[in-house]
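Chain A is the first sequence line, chain B the second, and so forth, proteins listed ahead of strands; every chain is numbered from 1.
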Amino acid sequence: MEISAKYNPAETEDKWYSYWLEHKLFHSEPDGREPYSIVIPPPNVTGVLHMGHMMNNTLQDVLVRRARMNGKNACWVPGTDHASIATETKVVGRLKERGIEKSSLTREQFLEEAWKWKEEHGGIILEQLKKLGASCDWDRTKFTMDAELSQSVINTFVYFYKKGLIYRGVRMVNWDPVGLTAVSDEEVIHKQTKSNLFHLRYFISENGKPSDKYIVIATTRPETIMADAAVCINPEDERYHYLKGKKVFIPLINKEIPIIEDSYVAMDFGTGCLKVTPAHDINDYEIGLRHKLPVTDIIDEHGRLNEKALILIGEDRFVARKKIVKMLEEAGHLEKIEDYTSPVGHSERTNAVIEPRLSLQWFLKMEALATDALKSVEEGRVRLIPDRFNNTYRHWMENVRDWCISRQLWWGQQIPAYYLPNGEFVVEATFEEAFEAAKKIEPNIKREELKQDEDVLDTWFSSWLWPISVFDANKPGRPDAEPNRDLAYYFPTNDLVTAPDILFFWVARMIMAANEFMGKEPFTNVYLTGIVRDKQGRKMSKQLGNSPDPLELIAQYGADAVRIGMLLCSSAGNDIFYDESQIEQGRNFCNKIWNAFRLTRGWEVDDSANPSEPARLAVEWFENTLAKSIATINDHFSKFRISDATMAVYKLFWDEFCAWYLEAVKPVYGEKIDRYTYDKTISFFDSLLKLLHPFMPFITEELWHQIAPREAGQTIMGEAMPAQKPYSEEIIAEFNSAAEAVVNIRNIRQSKNLSPKESLVLYVKNGESVKMGAIISKLSNISQICSVEDFAQQGNGVNFMVGTTEFFIPVKVNADEERAKILAEIERYTKFLEGVRKKLSNQKFVSSAPENVVALERKKESDATEKLKNLNELLQRLK
RNA sequence: GGGAGCAUAGCUCAGUUGGUUUAGAGCAUCUGCCUUACAAGCAGAGGGUCAUAGGUUCGACUCCUAUUGCUCCCACCA
């Protein structure tokens with residue numbers, strides 16, 4: 001049967017994925033084997049696969065498949081994250097398209113819509129992962145808002161509250177006026193933004209009335225002047241000593257405010273006078289606390305001025321800014337406007353400019369948790385790869401602030417705090433328990449009088465439990481509970497593969513939660529991948545439209561090709577510059593494997609024939625080189641050098657196996673292959689497919705089934721990875737010398753226009769042994785290798801050396817050209833020898849360098865001397 | 001403003017406690033080949049003052065200092 005010269009992934013991928021699922025090959029249950037577990041970084045439930053996911057999940061799949069073949073009970077737990085703010089924003093948007101405002105719905109109605117959206121779109125991303133070949137245990141798929149996982153979040157909240165680590169307080173938070181929620185410090189992105197520095201005149205009060213004297217303050221936010229509580233100067237600032245104890249008037253609204261002194265004010269910035277607006281700036285808020293200033297909040301949740309602003313009521317903050325500048329100018333309060341660029345906080349999710357806003361929020365005290373989590377890394381129980389992230393990690397852990405865990409959203413776990421009519425509250429896991437607790441405070445309370453907090457918890461407050469809750473949702477919040485069978489077996493997980501930008505959001509917090517509830521770290525190795533960027537170095541993003549659709553790539557090139565393409569260019573922690581040519585390379589590699597198979601498949605076996613000499617030698621060599629490569633690959637994996645491991649397998653297959661081995665054992669056209677060589681070749685192919693399988697699961701499964709008969713239900717996944725074996729460096733070196741001779745001969749053929757079909761005689765100096773001559777003969781079409789006393793008798797020809805062995809091919813040459821070449825060689829070696837001799841004549845070098853280094857230099861000296869001698873003889877002959 | 005990291009071939013990167021003949025790989029490039037597994041291929045070749053300047057050392061791509069350029073993280077100078 002004719003097989004296509006091109007590998008067609010579409011024909012195999014779905015077939016094998018179904019096969020794996022059908023035979024439940026990804027499913028894991030605790031047993032007597034050593035466990036190997038990974039929890040997936042749960043993607044946003046309504047998200048779609050992007051290149052970063054491809055990278056990330058390919059790496060995880062490589063690790064999991066390899067562990068499985070290494071005899072571990074491998075379990076990769078998939079799942080999705082409810083991503084409260086992102087999902088809620090999407091749902092709100094979808095409702096808006098249908099003309100429905102969120103505010104017109106009750107909480108229950110909204111959640112119903114959200115769940116509908118989740119059912120429709122949730123899990124698309126998991127289906128996409130299947131296309132990639134991800135060997136997740138789908139029976140264990142979890143969602144951070146599954147009932148039992150939500151319960152574990154609530155239990156955790158109650159636990160920390162009762163432990164005194166969760167508190168409620170008025171704080172200046174980062175308010176997202178579009179998402180209408182507080183966001184954590186980590187969710188604020190500071191961008192350099194062009195704005196203006198407005199210099200405003202505040203008239204000084206005399207007897208309670210504005211005088212004609214004024215001071216100038218500089219501000220970027222003139223729309224907040226109505227909320228000013230004071231003007232502040234540095235007590236050291238002699239320019240303003242005359243202002244001490246005086247008062248000034250806020251322009252436009254003519255409100256009298258005091259001048260206060262605080263060393264926070266920089267004398268050399270702006271005018272040295274700072275307007276203090278406690279409600280709308282975090283620093284001003286702190287100054288306000290120190291000086292007991294009143295707080296006037298003039299901006300509402302949408303970022304509009306409220307009635308307390310007295311003017312421009314209802315205007316958006318940015319519109320108000322333009323208008324008030326005009327009003328100030330008209331009223332003679334505007335001194336000047338300067339261009340100014342400063343960092344402005346933007347919401348990571350909605351990109352709205354963050355408004356510092358005072359509000360009542362829930363916080364988790366972080367200090368103790370962070371101290372322990374820092375130890376986990378510093379004492380080596382968690383290893384970050386690459387380890388340079390240790391510094392970043394430490395910095396964050398040492399400067400951690402309390403975590404604002406409440407969000408003014410509906411999509412998420414509702415905070416289990418229940419308010420009594422008198423304003424007191426109780427925190428309990430269920431309404432019933434809360435009601436009982438409330439009765440102890442207010443014995444006559446009615447059920448309907450007890451109101452649950454409206455807010456939900458930050459998404460990370462559920463995802464930090466992930467490595468525990470996916471196995472046993474009862475455990476978080478209950479450090480004393482017995483872990484169930486799964487948790488006891490799979491926890492702690494082994495490796496975590498994630499992006500460095502969530503090292504703090506997620507990784508650090510998972511360590512904290514696990515330390516608290518499990519008494520140990522949730523994983524041993526954290527492999528931090530790079531961020532996938534386009535060729536111009538831009539982050540892949542939907543907005544830029546520079547992210548290719550991974551599914552289209554898979555359709556076009558095949559999943560194996562995409563995986564290889566990603567792996568080849570991924571070194572840990574370094575950004576990945578995506579280029580489609582990498583995937584083409586992956587596709588070409590699939591094709592190469594496919595064609596190697598086609599070759600072996602076409603062979604007819606002769607059971608009575610003996611192996612040819614080159615075949616025998618090639619088998620012997622490949623056995624050794626395979627063993628050596630396995631050792632190299634294992635070493636790369638132990639250091640998480642996944643791209644190096646990929647490259648090692650790639651070269652082993654393409655260069656060693658195809659370019660050298662198969663060429664050496666290939667029978668002459670029309671002839672059969674002997675049984676021994678054939679069986680060996682198939683067994684090598686089998687080993688190679690196993691080594692390749694973690695990287696390219698589909699083509700390897702397909703070919704593994706084709707190279708030998710298999711029984712139903714059999715899979716390459718269930719096979720043991722080829723084991724590391726001792727190997728002979730000597731045999732490898734001998735083959736390499738033969739290969740070097742082959743390259744030289746091919747080179748001579750090309751430069752002298754000799755057809756590869758024309759066989760040649762190869763001469764070697766008497767007394768020099770040629771190892772693996774049969775390989776040389778076969779691969780460079782040499783009819784005979786002759787030992788001779790002197791090449792001069794053979795007439796014209798070209799010399800070459802492998803090591804110090806001299807070879808000669810008789811061929812017509814241009815004597816001048818040859819001489820020039822030889823002279824160049826002589827010059828090169830002479831210089832080299834000079835350098836070596838200089839080194840060796842240096843007493844200090846000889847006495848202080850280690851013995852082997854000196855010995856090496858002496859060997860260099862003698863080898864180069866020998867080469868020069870040969871070259872000079874050759875030159876003589878040409879004269 | 002503080003911190004971290006990077007700088008090696010046209011591109012993407014290795015270079016594992018300073019010594020392994022003349023610094024490696026993949027891709028790309030160039031040359032010759034449609035050689036019955038594969039042109040998505042085969043066979044060859046070229047290409048680097050290891051960012052710059054000093055220093056330590058018998059010896060530096062590797063260690064130190066400074067400079068330049070880039071990246072990321074953190075941060076309250078209005």
* How many Å lie between NZ on A/K844 and P on B/rC58, as a whole number? -> 5 Å

* Asked: Over how many whole Å does the gap from A/L567 atom CG to B/rG26 atom C1' extend?
  -> 14 Å

* Under-4.0 Å side-chain N/O to phosphate OP1/OP2 contact, A/R641 with B/rG15 -> yes

* To do: Check every atom of B/rU35, B/rC58, B/rC38 against the side chain of A/N591 and return the nucleotide holding the closest atom.
  => B/rC38

* Asked: Should the heavy atoms of other residues, nucleotides or ligands under 6.0 Å from CG of A/D339 be counted, would the total exceed 12?
  -> no

* Got a donor-acceptor pair under 3.5 Å from the side chain of A/Y264 to the base of B/rC76? -> yes

* Does A/N588 place a side-chain N or O at less than 4.0 Å from the phosphate oxygens OP1/OP2 of B/rG41? -> yes

* To do: Confirm from the modelled atom types if A/R587 and B/rA40 form a donor-acceptor pair under 3.5 Å, side chain to base only.
  => yes

* Is the distance between the ring centroids of A/F684 and A/Y661 less than 6.0 Å? -> yes

* Structure fact -> Whichever of A/P756 and A/N391 has the more 5' nearest nucleotide on RNA chain B, that residue is A/N391

* Do A/Q582 and B/rU12 have a side chain to base donor-acceptor pair shorter than 3.5 Å? -> no

* Stepwise side chain to side chain donor-acceptor pair (under 3.5 Å) test for A/Y7 and A/T12 -> CA-CA 10 Å; A/Y7 169 62; A/T12 55; 2.8 Å; yes

* **Nearest-Å distance for atom pair NE2/C1', residues A/H395 and B/rG5** => 15 Å

* Mind checking A/W654 for me? I need base, sugar-phosphate or nothing, with any heavy atom below 4.0 Å counting as a touch. => sugar-phosphate

* To do: Could you work out which one of B/rA78, B/rC76, B/rC58 sits closest to the side chain of A/N842?
  => B/rC58

* To do: Round to a whole Å and report the spacing from CZ of A/R749 to C1' of B/rU35.
  => 12 Å

* Asked: Is A/V276 touching bases, backbone alone, or none of the nucleic acid, heavy atoms closer than 4.0 Å?
  -> nothing

* From B/rG44, B/rG19, B/rA37, pick the nucleotide closest to the side chain of A/Q750? -> B/rG44

* To do: Would you mind classifying the nucleic acid contact of A/G272 as base, sugar-phosphate or nothing, using non-hydrogen atoms under 4.0 angstrom?
  => base

* Is A/F597 touching bases, backbone alone, or none of the nucleic acid, heavy atoms closer than 4.0 Å? -> nothing

* Asked: Taking atom types as they are modelled, is there a donor-acceptor pair under 3.5 Å from the base of B/rA28 to the side chain of A/Q585?
  -> no

* Side chain of A/V853 - closest among B/rC76, B/rG19, B/rA37 -> B/rG19

* Asked: Using purine N1 to pyrimidine N3 plus N6-O4 or O6-N4 for Watson-Crick, or N1-O2 and O6-N3 for G-U wobble, both under 3.5 Å, which nucleotide pairs with B/rU16?
  -> none

* **Rounded distance in Å between the C1' positions of B/rC50 and B/rU8** => 4 Å

* Nearest-nucleotide pick for A/E663, side chain only, options being B/rA37, B/rC73, B/rA78 -> B/rA37

* salt bridge (charged side-chain N to carboxylate O under 4.0 Å, His left out): pairs with one or both residues in residues 631-647 of chain A, sequence neighbours excluded -> A/D635-A/K639, A/R641-A/D644

* To do: Determine: side-chain N/O of A/Y393 to OP1/OP2 of B/rG3, distance under 4.0 Å, yes or no.
  => no

* To do: Select base, sugar-phosphate, or nothing to describe what A/P850 touches, counting heavy atoms under 4.0 Å on all strands.
  => base

* To do: Hunt down the Watson-Crick or G-U wobble partner of B/rA66, both distances under 3.5 Å, from any strand shown, or write none.
  => B/rU52

* To do: Determine: side-chain N/O of A/K592 to OP1/OP2 of B/rG41, distance under 4.0 Å, yes or no.
  => no

* Should A/R746 be listed as having a side-chain N or O under 4.0 Å from OP1 or OP2 of B/rG44? -> yes

* Now, which nucleotide makes the Watson-Crick or G-U wobble pair with B/rC72, with each of the two distances under 3.5 Å? -> B/rG3

* How long is the line joining CG of A/N283 and C1' of B/rC76, in whole Å? -> 3 Å

* When you measure from the side chain of A/K666, which nucleotide among B/rA37, B/rG19, B/rG26 comes out closest? -> B/rA37

* Which nucleotide, in any strand shown, forms a Watson-Crick or G-U wobble pair with B/rU31, with both distances under 3.5 Å? -> B/rA43

* Structure fact -> Smallest heavy-atom separation, A/I633 atom then A/A648 atom, equals CG1-CB, 3.9 Å

* To do: Show your reasoning for whether side chain to side chain donor-acceptor pair (under 3.5 Å) applies to A/Y264 and A/E286.
  => CA-CA 10 Å; A/Y264 166 76; A/E286 278 160 20; over 6 Å; no

* Report the distance from atom CH2 of A/W396 to atom P of B/rG5, rounded to the nearest whole Å. => 20 Å

* Asked: Taking the six-membered ring for Trp, are the ring centroids of A/Y393 and A/F504 within less than 6.0 Å of each other?
  -> no

* Length of the CG-P vector between A/N174 and B/rC76, whole Å -> 9 Å

* Structure fact -> Side-chain contact check for A/A659: nearest option of B/rG19, B/rU36, B/rA43 is B/rA43

* Structure fact -> In whole angstroms, the gap separating C1' of B/rG19 from NZ of A/K860 amounts to 8 Å

* Check side chain to side chain donor-acceptor pair (under 3.5 Å) between A/H291 and all other residues, then give those that pass, not counting sequence neighbours. => A/D262

